[in-house]
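Notes follow once the structure below has been shown.
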Amino acid sequence: MARLHCCVVLALTVVLALCADALKFELPSAPPGGVRRCVKQYILADTLVVGHYEVGPDNNGGQRVDVEIFDDAPVASKYYHKNSVGDSSQKFTFNTHETANIHYCFTNTNTNQGYHESAGHKRTIALHVDTGAEAEDYSETKKNLEPMEQELYRLERISKQLTEEMDMLKADEEKMRDVNESTNSRVALLSTLSIIVLVGAAGWQLYYLRSFFRSKKIL
């Protein structure tokens, strides 16, 4: 029973992960410069990314969609770029270079001289992305396995990948906690030193004023 429960939880996790990687939205257009929309996804270094996107038909005419995929690492990498995408489905495949956010950007530029904002010029964008274990084609790499065995192997790889990602997030959380604790300690030390300095300065002022008044025989 416990094993069945674990399998159900794992299956739901996989389904949610797959749903999160599929997206569909409408992208309006504008004259030169266009309207740019980006979707970002945090992906670990050296991870296989396989995806496809589809741009809907241009019902108003004069709309040009450009696609660009890049990361925001300190040394940024550009993985894909295509101008004037047609109405057909397009695929992309790459391996990430650094652990960073991957940006999938779509720009819709309207070149129609009769463009008017109220006309509602827009195109539909559909994007689907698979990463890591989900992106691998086990029918090719594991030909010796039965379909059911391939699926079980895929689920095992996905669960391992999720565990590794959770471990990395945990490590990042621990680093952030250490930084926060170090910062709090320094702030506490600085506050203590500030109080000591203020008390010392106040004491010195009282001593100076007392000495001054005594020298003037006021006290």
Side-chain angles (χ1 to χ4, degrees), residues 2 5-6 8-10 12-23 25 27-28 30 33-49 51 68-81 94-107 127 129-135 156-219:
H5 176 71
C6 291
V8 171
V9 172
L10 177 60
L12 288 174
T13 302
V14 172
V15 169
L16 290 175
L18 291 175
C19 290
D21 290 339
L23 182 66
F25 59 94
L27 180 63
V35 176
R36 183 183 178 93
R37 294 288 184 273
C38 293
V39 178
K40 67 179 181 180
Q41 181 182 21
Y42 187 76
I43 302 179
L44 303 181
D46 196 27
T47 298
L48 175 64
V49 179
E68 185 178 14
I69 302 175
F70 58 93
D71 63 29
D72 58 5
V75 180
S77 299
K78 183 180 290 187
Y79 299 105
Y80 179 88
H81 183 83
F94 59 87
N95 280 78
T96 56
H97 300 158
E98 301 286 346
T99 298
N101 287 310
I102 304 299
H103 295 253
Y104 309 89
C105 294
F106 299 83
T107 303
L127 172 67
V129 180
D130 290 321
T131 61
E134 297 176 3
E156 180 185 1
R157 290 291 307 277
I158 292 175
S159 62
K160 182 179 179 181
Q161 179 182 335
L162 291 174
T163 302
E164 292 175 350
E165 291 179 355
M166 290 298 294
D167 290 341
M168 175 165 284
L169 290 175
K170 183 179 179 180
D172 291 341
E173 188 272 334
E174 291 176 350
K175 290 180 181 178
M176 291 298 297
R177 186 179 65 244
D178 292 341
V179 171
N180 289 335
E181 291 177 353
S182 176
T183 303
N184 291 336
S185 299
R186 293 179 181 180
V187 170
L189 178 60
L190 179 61
S191 299
T192 302
L193 291 176
S194 299
I195 292 174
I196 293 174
V197 170
L198 290 174
V199 171
W204 180 83
Q205 287 179 343
L206 288 174
Y207 173 78
Y208 176 79
L209 290 173
R210 186 176 181 181
S211 300
F212 175 77
F213 289 136
R214 281 183 176 178
S215 66
K216 299 296 183 180
K217 297 181 180 181
I218 298 176
L219 293 178

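Since we're looking at a predicted model, the values are computed, not measured.
Side chain of Thr99 to backbone of Ala45: a donor-acceptor contact under 3.5 angstrom is found.
Tyr104 places none of its side-chain heavy atoms less than 4.5 Å from the side chain of Leu23. At least one side-chain heavy atom of Val49 sits less than 4.5 Å from a side-chain heavy atom of Val129.
Taking the six-membered ring wherever Trp is involved, the centroid distance between the rings of Tyr79 and His97 falls below 6.0 Å.
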Only pairs under 3.5 Å count here: list side-chain donor-acceptor contacts from residues 183-195, not counting sequence neighbours, and write none if there are none.
residue: Thr183; atom: OG1; partner: Val179; partner atom: O; Å: 2.8
residue: Asn184; atom: ND2; partner: Asn180; partner atom: O; Å: 3.2
residue: Ser185; atom: OG; partner: Glu181; partner atom: O; Å: 2.9
residue: Ser191; atom: OG; partner: Val187; partner atom: O; Å: 2.8
residue: Thr192; atom: OG1; partner: Ala188; partner atom: O; Å: 2.9
residue: Ser194; atom: OG; partner: Leu190; partner atom: O; Å: 2.8

Using a 3.5 Å cut-off and no angle test, enumerate the donor-acceptor pairs between side-chain atoms of residues 164-172 and protein atoms at least two apart in sequence or in another chain.
residue: Glu165; atom: OE2; partner: Gln161; partner atom: NE2; Å: 3.3

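To the nearest 0.5 Å, atom CD1 of residue Ile69 and atom CZ of residue Phe106 are 7.0 Å apart. The structure places NZ of Lys40 at 11.0 Å from SG of Cys105, a figure rounded to the nearest 0.5 Å. From Phe213, atom CZ reaches atom OH of Tyr208 across 10.0 Å, with rounding to the nearest 0.5 Å. The line from CG of Leu44 to OG1 of Thr96 is 7.5 Å long, rounded to the nearest 0.5 Å. The distance from the OG1 atom of Thr131 to the OH atom of Tyr42 is 13.0 Å, given to the nearest 0.5 Å. In this structure, Cys38 SG and Asp72 CG are separated by 11.0 Å, a value rounded to the nearest 0.5 Å.
Salt-bridge annotation for Glu173 and Arg177: present, with a side-chain N of the basic residue lying under 4.0 Å from a carboxylate O of the acidic one.
Residues meeting the side-chain contact (heavy atoms from CB on, under 4.5 Å) test with Ala73, sequence neighbours left out: Asp71, Glu98, Ala100.
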